[in-house]
Amino acid sequence: MINTGPIFQGKRFRAGPVAWVIYFNMPTDTKRVRGPEVSQSPSLFSCDPAAVLPSKGPRADGRRRDQVDVRPVFVRCGLVSQAKGSAYLEAGNTKLMCCVYGPRETDRKDETDMKCGRLTTDMRFAPFSCPERGSWIQGSQDKDFSLMLHESLQPAICLHKYPRSQIEVSVMVLENSGSVLAHAVTCASLALADAGIEMYDLVLGCSMRQDGTSYVVDPSYMEENGCSSGSCENQGGLTVAFLPSLNQISGLQSDGDMTEETLTAGVRTCIEGCYKLYPVIQRALTKAVCKAAPSQSES
């Protein structure tokens, strides 16, 4: 039997010797915004970083090579009212936000320590923070940075003062323009101090990038991910977490291929960079304490 006849919005039915075919319109999702079928990523229209970076002369932002020339830093405490302590940090175009929660009871009883507290760290990149859009799900790089952040902060916190409790540190990278791990350490330390957590000392971070016989302090995103035109020897990066008052190193992370002499000189350079940041962090913390302290009229 042949399916012929007019088409209506309905269903198939029989009417004598002819089978009528009626089609229904498929339901549409009115809440979903449909994009064009053919589209291009916005990153294609942006200026791509240079594939080869010069190893001599001034840097792209005007800073000098082979000197401890860090970017100007802007910090502010107490911006998140829901957190026990918070801090915001800008270094050039690198922007981070840190929140501290606790001390409070641990979530799992089997992880409770009767003599010492527990520190948990979580560092994530916002999807819009990098040139290539990421995901809100924590990736392998986020987990590595969270572990490095934990190793850098734990020696500076008096965890024995908070038994049977945990302190949670959460860092969100809003814009990645290089040296995020070093600035995350500084921002997290400032947030811990703003939360009133007892610490032996503040923790400051500084990073550098070795390029053969030359080096750059506080490298930008292009300097971290670009390749140089020089030789392939002594190519690597270094990040140091430093306690300035105690003159001790709490964390060190390096990658690449560097000689022992170059690595030792790089650690000294990063320590000098931490000392340059120390007065800025002290002033920001002092300003936050004075703002939170009750005035004489209130007392």
Visitor: Glu90: what forms a salt bridge (Lys or Arg N to Asp or Glu O under 4.0 Å) with it, not counting sequence neighbours?
Guide: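 Glu90 satisfies salt bridge (Lys or Arg N to Asp or Glu O under 4.0 Å) with no other residue.
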Visitor: Quick one: does Leu181's side chain get under 4.5 Å of Gln253's, heavy atoms only?
Guide: yes
Visitor: Run the side-chain hydrogen bond (donor to acceptor under 3.5 Å, both in side chains) test against Glu175 and tell me which residues pass, sequence neighbours left out.
Guide: Lys95
Visitor: At their closest point, which heavy atom of Ala182 faces which heavy atom of Cys206, and how far apart are they?
Guide: CB-N, 3.6 Å
Visitor: I want to check something: taking the side chain as every heavy atom from C-beta on, are Gln235 and Asp211 in contact at a cut-off of under 4.5 Å?
Guide: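 Contact flag for Gln235/Asp211 side chains = yes.
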Visitor: For Thr213, give me all partners under side-chain hydrogen bond (donor to acceptor under 3.5 Å, both in side chains), at least two apart in sequence or on another chain.
Guide: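 For Thr213, no residue satisfies side-chain hydrogen bond (donor to acceptor under 3.5 Å, both in side chains) once neighbours in sequence are set aside.
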Visitor: Side chains of Asp122 and Val171: does their closest heavy-atom pair fall under 4.5 Å?
Guide: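 In short, these two side chains do not touch, never coming nearer than 4.5 Å.
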Visitor: Please collect all salt bridge (charged side-chain N to carboxylate O under 4.0 Å, His left out) contacts where either partner lies in residues 240-249, sequence neighbours excluded, each pair once.
Guide: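 Checked against salt bridge (charged side-chain N to carboxylate O under 4.0 Å, His left out) - neighbours excluded - no pair reaches residues 240-249.
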Visitor: Run the salt-bridge test on Arg209 and Asp255 with the 4.0 Å N-O cut-off and return the result as yes or no.
Guide: yes
Visitor: If we ignore angles and hydrogens, is there a donor and acceptor under 3.5 Å between the side chains of Thr186 and Ser189?
Guide: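 Distance-only check fails for Thr186 and Ser189.
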Visitor: Report the residues that fulfil ring pair (Phe, Tyr, Trp, His ring centres under 6.0 Å) with Phe145, sequence neighbours left out, ordered by chain and then residue number.
Guide: Phe125
Visitor: Could you grab the distance from atom NE2 of His150 to atom CD1 of Ile157, nearest 0.5 Å is fine?
Guide: 8.0 Å
Visitor: Could you tell me if the side chain of Thr269 sits less than 4.5 Å from the side chain of Val68, heavy atoms only?
Guide: yes
Visitor: Suppose we screen for side-chain hydrogen bond (donor to acceptor under 3.5 Å, both in side chains). Which residues come up paired with Glu105, at least two apart in sequence or across chains?
Guide: Lys109
Visitor: By ring pair (Phe, Tyr, Trp, His ring centres under 6.0 Å), which residues pair with Tyr275, not counting sequence neighbours?
Guide: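 Counting only residues at least two positions away or on another chain, Tyr275 forms a ring pair (Phe, Tyr, Trp, His ring centres under 6.0 Å) with Phe242.
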Visitor: Taking the side chain as C-beta and beyond, is there a heavy-atom pair between Leu238 and Ser207 under 4.5 Å?
Guide: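 They are not in side-chain contact.
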Visitor: Answer with yes or no whether the hydrophobic clustering places Leu147 together with Leu252; edges join I, L, V, M, F, W, Y residues whose side-chain heavy atoms lie under 4.5 Å apart.
Guide: no
Visitor: When rounded to the nearest 0.5 angstrom, what distance separates CZ in Arg71 from OG in Ser179?
Guide: 5.0 Å
Visitor: How would you list all residue pairs meeting ring pair (Phe, Tyr, Trp, His ring centres under 6.0 Å) that involve residues 69-89, not counting sequence neighbours?
Guide: none
Visitor: Do Leu204 and Val240 come close enough that some side-chain heavy atom pair is under 4.5 Å?
Guide: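 Answer no - side chains too far apart.
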Visitor: About how many Å separate OG of Ser220 and CZ of Arg59, when rounded to the nearest 0.5 Å?
Guide: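 Going from the CZ atom of Arg59 to the OG atom of Ser220 covers 6.5 Å.
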Visitor: May I ask you to test the Leu153-Leu119 pair for a side-chain heavy-atom distance under 4.5 Å?
Guide: yes
Visitor: As an exercise, state the distance from CE of Met208 to OH of Tyr215, rounded to the nearest 0.5 Å.
Guide: 7.0 Å
Visitor: Could you measure the distance from the NE2 atom of His183 to the OG1 atom of Thr239? Nearest 0.5 Å is fine.
Guide: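 If we round to the nearest 0.5 Å, His183:NE2 and Thr239:OG1 are 9.5 Å apart.
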Visitor: Check side-chain contact (heavy atoms from CB on, under 4.5 Å) between Leu277 and all other residues, then give those that pass, not counting sequence neighbours.
Guide: Val70, Val73
Visitor: Distance from Lys291 atom NZ to Thr286 atom OG1, nearest 0.5 Å?
Guide: 14.5 Å
Visitor: If Ile, Leu, Val, Met, Phe, Trp and Tyr residues are connected whenever their side-chain heavy atoms lie under 4.5 Å apart, and connections chain through other members, are Val100 and Val75 in the same group?
Guide: yes
Visitor: Whether the Ser214 and Asp66 side chains hold a donor-acceptor pair (N or O, under 3.5 Å, no angle test) is what I'd like checked.
Guide: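 The criterion, which ignores hydrogens and geometry beyond distance, is satisfied for Asp66 and Ser214.
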Visitor: Going by the salt bridge (charged side-chain N to carboxylate O under 4.0 Å, His left out) test, which pairs reach into residues 160-169, not counting sequence neighbours?
Guide: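 Checked against salt bridge (charged side-chain N to carboxylate O under 4.0 Å, His left out) - neighbours excluded - the pairs reaching residues 160-169 are Arg104-Glu168.
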Visitor: Side-chain contact, heavy-atom cut-off 4.5 Å: Val217 with Arg65?
Guide: no
Visitor: Do Ile249 and Leu263 land in one hydrophobic cluster if side-chain heavy atoms of ILVMFWY residues count as linked below 4.5 Å?
Guide: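 Per the 4.5 Å side-chain linkage, Ile249 and Leu263 are co-clustered.
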Visitor: Kindly say whether Ser129 contributes a backbone atom to a donor-acceptor pair with the side chain of Asn176 at under 3.5 angstrom?
Guide: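 The answer is no, because no donor-acceptor pair under 3.5 Å joins these two groups.
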Visitor: Using modelled atom types and a 3.5 Å cut-off, is there a donor and acceptor pairing between side-chain atoms of Thr106 and backbone atoms of Ser165?
Guide: no
Visitor: Just list the side-chain donor-acceptor pairs under 3.5 Å for residues 191-202, sequence neighbours left out, or say none.
Guide:
| from | atom 1 | to | atom 2 | distance (Å) |
| --- | --- | --- | --- | --- |
| Asp194 | OD2 | Ser86 | N | 3.1 |
| Asp201 | OD1 | Ser245 | OG | 3.4 |
| Asp201 | OD2 | Ser245 | N | 2.6 |
| Asp201 | OD2 | Leu246 | N | 3.3 |

Visitor: Under a 4.5 Å side-chain heavy-atom rule over Ile, Leu, Val, Met, Phe, Trp and Tyr, are Leu285 and Ile167 clustered together?
Guide: yes
Visitor: What pairs with Ser146 under side-chain hydrogen bond (donor to acceptor under 3.5 Å, both in side chains), at least two apart in sequence or on another chain?
Guide: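 Listed in chain order: Gln138.
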Visitor: Can you name the closest pair of heavy atoms from Cys116 and Leu159 and give their distance?
Guide: SG-CB, 3.4 Å
